[in-house]
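A short write-up of the structure that comes next.
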Amino acid sequence: MRHLDRYLDATKSALLFASRAILVEGISELLLLPALAGRVLAAGEGADIEADREAFEALERFFGTTRVIVDGVGFEVYLRVLLAPVDGMSLGRRVALITDTDVAPDQPEPPRLESLRELPRRWGSPGELHLAAAPRTLEPALWSQDNIAALRAAFLRCAPRSQKRWEQVLKAADPALAFGELFVTKTSRTVTSADGELTKGTKISKGRFAQELADVLADPAVAFTVPAYLEDAIRFVGATDRTGAAAVGAP
């Protein structure tokens, strides 16, 4: 509990009053989620009055949700505060936990994820848990054909003279992995260039990139497909409560 004691200072004690909460590993998800929520929960063109109202209310619920950086994968103590029941009641009604698998998409997920899903069930929590896990990490999960233009624009804002690095990503056998390695040090990279050497260049700040991408996505004309695991988490916290629901872990 010392971790939680240090965390709950004057600016973050709202966690103790959070009926809805999003727990994330780091700053990137925290910065990007509002921009992504605006796209996921928007009513869309041609929506009728009822759809507009429902979208507005869903966005209100999302922006009324407490968002917490865990700074790692030590989620259990936060789940205990939010979802462990006292006299049959829990602080949290809806808690979305967003994390990385840190393994390749074709590999089994780490056992810690099922352990986290199991906690509310074991406690008999009246609240709901939705666990959303990225294949690998956030940045590779953002990669898709639809998103290349937006990701390139944000990358070049962070590194204006790095068009050649971007071209290396596009030419890679696994562009999603190569894109993710823009954000790690050279000693941690696995992707090689055509000459067999590890890709070069100073790593990009994940927080800076998330800020720039959020700015790019502020333009509704920019095409972008929100990764499914993040879309599901956003819809979960934006949804209305279900009466008497049991704790649930997302598959």
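Since we're looking at a predicted model, the values are computed, not measured. Heavy atoms only: backbone and side chains are in, while hydrogens, waters and symmetry mates are out.
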Original post:
Of all residues at least two apart in sequence or in a different chain, which pass the side-chain contact (heavy atoms from CB on, under 4.5 Å) check with Lys203?
Top reply: Thr185, Arg189
**OP:** Can you sort out the partners of Phe209 under ring-ring contact (aromatic ring centres under 6.0 Å, His included), two or more places apart, ordered by chain and number?
**Re:** Phe179, Phe183
**OP:** Please report the shortest heavy-atom distance between Leu83 and Gly127, naming the atom on each side.
**Re:** CD2-CA, 3.9 Å
**OP:** Kindly write out the residues that satisfy side-chain hydrogen bond (donor to acceptor under 3.5 Å, both in side chains) with Arg152, not counting sequence neighbours, or none if the list is empty.
**Re:** Gln163
Original post:
Do you know the tightest heavy-atom contact between Ile204 and Ala159?
Top reply: CD1-CB, 3.9 Å
Subject >> Side chain to side chain, Pro126 and Pro85, heavy atoms closer than 4.5 Å >> reply: yes
**OP:** Measure the spacing between OG of Ser205 and CD1 of Ile27 and express it to the nearest 0.5 Å.
**Re:** 9.5 Å
Original post:
Taking only residues two or more places apart in sequence or in another chain, which ones pass side-chain contact (heavy atoms from CB on, under 4.5 Å) with Ser19?
Top reply: Arg93
Subject >> Non-hydrogen atoms of Pro140 and Ala176 that approach each other most closely >> reply: CB-O, 3.5 Å
**OP:** Can you measure from CG (Leu119) to CG (Leu131) and round to the nearest 0.5 angstrom?
**Re:** 10.0 Å
**OP:** Would you name the heavy atoms of Ile69 and Gly26 that are closest together and state the gap between them?
**Re:** CG2-CA, 3.8 Å
Original post:
If you round to the nearest 0.5 Å, how far is CD of Gln168 from CD of Glu181?
Top reply: 11.5 Å
Original post:
With side chains defined as the heavy atoms from C-beta onward, is the minimum distance between Leu23 and Arg67 less than 4.5 Å?
Top reply: no
**OP:** Can you tell me which residue pairs pass the salt bridge (Lys or Arg N to Asp or Glu O under 4.0 Å) test with a partner in residues 159-168, sequence neighbours excluded?
**Re:** none
Would you list the atom pairs, donor with acceptor, under 3.5 Å between side chains in residues 54-61 and any protein atom, with sequence neighbours excluded?
unit_1 : atom_1 : unit_2 : atom_2 : d
Glu57  : OE1    : Arg53  : NH1    : 3.0
Glu57  : OE2    : Arg53  : NH1    : 2.8
Arg61  : NE     : Gly238 : O      : 2.7
Arg61  : NE     : Ala239 : O      : 3.4
Arg61  : NH2    : Gly238 : O      : 3.0

**OP:** Kindly indicate whether the side chain of Gln211, heavy atoms from C-beta on, has any atom under 4.5 Å from the side chain of Leu32.
**Re:** no
Subject >> Residue pair Ala133 / Leu113: nearest heavy atoms and the distance that separates them >> reply: CB-CD1, 3.8 Å
Original post:
Roughly how far, to the nearest 0.5 Å, is OG of Ser162 from CG of Leu156?
Top reply: 7.5 Å
Original post:
What's the verdict on side-chain contact (heavy atoms from CB on, under 4.5 Å) for Leu217 and Leu36, showing C-alpha distance, side-chain angles and the deciding distance?
Top reply: CA-CA 8 Å; Leu217 297 182; Leu36 301 183; 3.7 Å; yes
Original post:
Is it true that Leu182 and Val184 fall in one hydrophobic cluster, defined by side-chain heavy atoms closer than 4.5 Å?
Top reply: no
Original post:
Do Trp166 and Leu151 come within less than 4.5 Å of each other through their side chains, counting heavy atoms only?
Top reply: yes
Subject >> Residue pair Val68, Ile22: steps toward the side-chain contact (heavy atoms from CB on, under 4.5 Å) verdict >> reply: CA-CA 6 Å; Val68 178; Ile22 302 174; over 6 Å; no
Original post:
Given side chains that start at C-beta, do those of Val24 and Leu33 come closer than 4.5 Å, heavy atoms only?
Top reply: yes
Original post:
Does the side chain of Val73 reach to within under 4.5 Å of the side chain of Asp100, using non-hydrogen atoms?
Top reply: no
Subject >> Under the salt bridge (charged side-chain N to carboxylate O under 4.0 Å, His left out) test, residues paired with Arg208 that sit two or more places apart >> reply: Glu212
**OP:** Report the distance from atom CZ of Arg94 to atom CZ of Arg20, rounding to the nearest 0.5 Å.
**Re:** 5.5 Å
**OP:** To the nearest 0.5 Å, tell me how far Leu97 CG sits from Phe75 CZ.
**Re:** 4.5 Å
Original post:
Given Arg122 and Glu114, is the salt bridge (Lys or Arg N to Asp or Glu O under 4.0 Å) satisfied, shown in steps?
Top reply: CA-CA 12 Å; Arg122 195 172 76 206; Glu114 185 55 34; over 6 Å; no
Original post:
Can you name the side-chain contact (heavy atoms from CB on, under 4.5 Å) partners of Ala47, sequence neighbours left out?
Top reply: Ala43, Ala51, Asp52
Could you list the donor-acceptor pairs under 3.5 angstrom formed by side chains in residues 101-108, with sequence neighbours left out?
unit_1 : atom_1 : unit_2 : atom_2 : d
Thr101 : OG1    : Val103 : N      : 3.4
Thr101 : OG1    : Val103 : O      : 3.4
Thr101 : OG1    : Ala134 : O      : 2.9
Thr101 : OG1    : Arg136 : N      : 3.0

**OP:** Using modelled atom types only, decide if a donor and an acceptor are shared between the side chain of Ser115 and the backbone of Pro111 within a distance under 3.5 Å.
**Re:** yes
Acceptor/donor pairs from residues 224-233 side chains to any protein atom, 3.5 angstrom cut, sequence neighbours excluded:
unit_1 : atom_1 : unit_2 : atom_2 : d
Thr225 : OG1    : Asp146 : OD2    : 2.9
Glu231 : OE2    : Arg235 : NE     : 3.1
Glu231 : OE2    : Arg235 : NH2    : 3.2

Subject >> Note, Lys206 side chain near Glu139 side chain (heavy atom, < 4.5 Å) >> reply: yes
Subject >> side-chain hydrogen bond (donor to acceptor under 3.5 Å, both in side chains) partners for Ser144, two or more places apart >> reply: Asn147
Original post:
If Ile, Leu, Val, Met, Phe, Trp and Tyr residues are connected whenever their side-chain heavy atoms lie under 4.5 Å apart, and connections chain through other members, are Ile98 and Leu30 in the same group?
Top reply: yes
**OP:** Evaluate side-chain contact (heavy atoms from CB on, under 4.5 Å) for Leu79 paired with Trp123, printing each intermediate quantity in order.
**Re:** CA-CA 11 Å; Leu79 293 180; Trp123 295 331; 4.2 Å; yes
Original post:
side chain to side chain donor-acceptor pair (under 3.5 Å): which pairs involve residues 23-40, sequence neighbours left out?
Top reply: Glu25-Thr99
Subject >> Residue Gln145 excluded, over 12 heavy atoms near CD under 6.0 Å >> reply: no
Subject >> Contact summary for Leu31 and Gly207, nearest pair of heavy atoms >> reply: CD1-O, 3.5 Å
Original post:
Is there a side-chain contact between Tyr78 and Val95 (heavy atoms, below 4.5 Å)?
Top reply: no
